[in-house]
Amino acid sequence: MKVLVVDDHVLIREALRGVLKDLKDDATIFEASNCRQAMRLVEEHSDLGLILLDLNLPDRNGFEVLTELRERHPAISTVVLSALNDRDTVARALDLGALGFIPKSSTREVMLSALGLVFSGGIYIPPDILVRREPAPPQSPSGTCGMQPRAMSPRDLGLTDRQVDVLALMMQGKSNKVICRALDLAEPTVKNHVTAILKALKVSNRTEAVVAVGALGWDLRPAADP
């Protein structure tokens, strides 16, 4: 696997290199201290498997870089590392295609766990973002008072097995087209499933769905691996 670390602080890059080597000893790791260097490396190595991107770059806004990567290099997974970890920043990064958000204040153990989750196909969101979730958690159809969110299952919210398969792939950041191929479904069918999922979780977009599923503690596995 080829990994690109984009950060203007040498110590951060060195720390991430150590974490990555612990997880993927055979990984080839490239480093860039600014956007210009990063985009040059991306063009030279189109087979990059992962980019670890700092949002606060000296020559360009990190969100702009995320947008460009999503448009021009959608096959490359990107995880954001940032000193800013408020809800709006995390949500915006995920909306722009990031498959995870790791605060720079995280311990080495947390970084290992977060990157391990991403390597296995999951999406890492800082736990405190889930804890501070403002909207009320989805309630079961029975409306039972006092039920803990983590005790609820997808079936409690009326999700079918196929919708759970779709949701599991959504949690991996897969687009509708990729979900169509993975589950052998027509695109209108997938769109209908996504709409039903968002309604059941009482959220308005995919990012909120990821946060909601994280808060519910569901460990979802798709029936098919794309």
Side-chain angles (χ1 to χ4, degrees), residues 1-35 37-38 41 48-58 60-63 65-66 69 76-134 137 148-150 168 170-173 206-221:
M1 170 179 276
K2 292 184 178 181
V3 180
L4 172 60
V5 178
V6 187
D7 196 292
D8 60 336
H9 292 90
V10 176
L11 292 178
I12 294 293
R13 297 201 303 270
E14 289 180 353
L16 290 170
R17 175 181 286 274
V19 171
L20 288 166
K21 282 298 185 180
D22 282 348
L23 287 170
K24 299 282 185 179
D25 184 56
D26 59 344
T28 300
I29 303 172
F30 301 93
E31 297 181 17
S33 61
N34 56 48
C35 176
Q37 293 176 0
L41 286 168
L48 280 168
L50 176 68
I51 297 175
L52 299 179
L53 177 69
D54 181 16
L55 290 179
N56 188 23
L57 297 173
R60 194 175 177 191
N61 182 284
F63 289 122
V65 180
L66 263 179
L69 288 171
I76 302 177
S77 300
T78 303
V79 171
V80 165
L81 294 111
S82 179
L84 301 174
N85 63 337
D86 58 279
R87 175 178 293 277
D88 290 342
T89 300
V90 174
R92 186 178 179 190
L94 295 174
D95 278 339
L96 291 175
L99 294 185
F101 192 106
I102 305 175
K104 284 188 175 181
S105 58
S106 300
T107 64
R108 180 184 179 85
E109 290 70 24
V110 169
M111 287 190 177
L112 280 168
S113 177
L115 289 174
L117 176 62
V118 172
F119 284 138
S120 67
I123 297 177
Y124 180 79
I125 301 175
D128 57 334
I129 295 297
L130 300 178
V131 172
R132 292 200 305 267
R133 184 168 177 255
E134 295 175 3
Q148 297 298 317
R150 290 185 180 275
M170 287 170 58
M171 292 290 293
Q172 296 181 9
R206 286 172 178 251
T207 299
E208 291 178 0
V210 170
V211 174
V213 171
L216 289 165
W218 293 346
D219 181 17
L220 303 179
R221 306 287 179 179

Chemist: Going by salt bridge (charged side-chain N to carboxylate O under 4.0 Å, His left out), name the pairs with one or both residues in residues 93-103, residues two or more places apart or in two chains.
Modeler: none
Chemist: Can you measure from CG (Leu16) to CD1 (Ile29) and round to the nearest 0.5 angstrom?
Modeler: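 Rounded to the nearest 0.5 Å, the CG-CD1 separation comes to 9.0 Å.
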Chemist: Taking only residues two or more places apart in sequence or in another chain, which ones pass side-chain hydrogen bond (donor to acceptor under 3.5 Å, both in side chains) with Ser33?
Modeler: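 For Ser33, the residues satisfying side-chain hydrogen bond (donor to acceptor under 3.5 Å, both in side chains) (neighbours in sequence not counted) are Gln37.
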Chemist: If you compare all heavy atoms of Leu53 against all heavy atoms of Gly62, which two are closest, and at what distance to 0.1 Å?
Modeler: CD2-O, 3.9 Å
Chemist: For Phe101, run the side-chain contact (heavy atoms from CB on, under 4.5 Å) check against Leu81, Ile125, Leu55, Ile123 and tell me which one passes.
Modeler: Leu55
Chemist: Sequence neighbours excluded, which residues qualify as side-chain hydrogen bond (donor to acceptor under 3.5 Å, both in side chains) partners of Arg13?
Modeler: Glu31
Chemist: Going by atom type alone, with no hydrogens or angles, which donor-acceptor pairs under 3.5 Å involve a side-chain atom of residues 106-116 and a protein atom two or more places apart or on another chain?
Modeler:
{"from": "Ser106", "atom 1": "OG", "to": "Pro103", "atom 2": "O", "distance (Å)": "2.8"}
{"from": "Thr107", "atom 1": "OG1", "to": "Val110", "atom 2": "N", "distance (Å)": "3.2"}
{"from": "Arg108", "atom 1": "NH2", "to": "Asp22", "atom 2": "OD2", "distance (Å)": "2.3"}

Chemist: Less than 4.5 Å apart, any side-chain heavy atom of Leu4 and any of Ile76?
Modeler: no
Chemist: For the pair Phe63 and Val80, evaluate side chain to side chain contact (heavy atoms under 4.5 Å, CB included) and give the outcome as yes or no after the intermediate values.
Modeler: CA-CA 10 Å; Phe63 289 122; Val80 165; over 6 Å; no
Chemist: Determine whether Lys104 and Asp7 satisfy the following criterion, side chain to side chain contact (heavy atoms under 4.5 Å, CB included), listing intermediate values before the conclusion.
Modeler: CA-CA 11 Å; Lys104 284 188 175 181; Asp7 196 292; 2.7 Å; yes
Chemist: Would you say Tyr124 and Val79 make side-chain contact, with heavy atoms under 4.5 Å?
Modeler: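 No - every pair of side-chain heavy atoms lies 4.5 Å or more apart.
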Chemist: Does Asp8 have any side chain to side chain contact (heavy atoms under 4.5 Å, CB included) partners at least two apart in sequence or in another chain, and if so, which?
Modeler: Asp54, Pro58
Chemist: Sequence neighbours excluded, which residues qualify as side-chain hydrogen bond (donor to acceptor under 3.5 Å, both in side chains) partners of Lys2?
Modeler: His45, Asp47
Chemist: Please find the pair of heavy atoms, one from Ala38 and one from Val6, that lie closest to each other, and give the distance.
Modeler: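 Nearest pair, atom of Ala38 first, then Val6: CB-CG2, 3.7 Å.
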Chemist: Are Leu20 and Val5 packed together at the side-chain level, in the sense that at least one heavy-atom pair is separated by less than 4.5 angstrom?
Modeler: yes
Chemist: Might you point out which heavy atoms bring Ala27 and Lys21 nearest each other, and give the distance in Å?
Modeler: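 Answer, listing the atom of Ala27 first, then Lys21: O-NZ, 2.7 Å.
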Chemist: With rounding to the nearest 0.5 angstrom, report the OG1 to CG distance, Thr78 to Leu69.
Modeler: 4.5 Å
Chemist: Rounded to the nearest 0.5 Å, what separation is found between the CG atom of Leu99 and the OG atom of Ser77?
Modeler: 4.5 Å
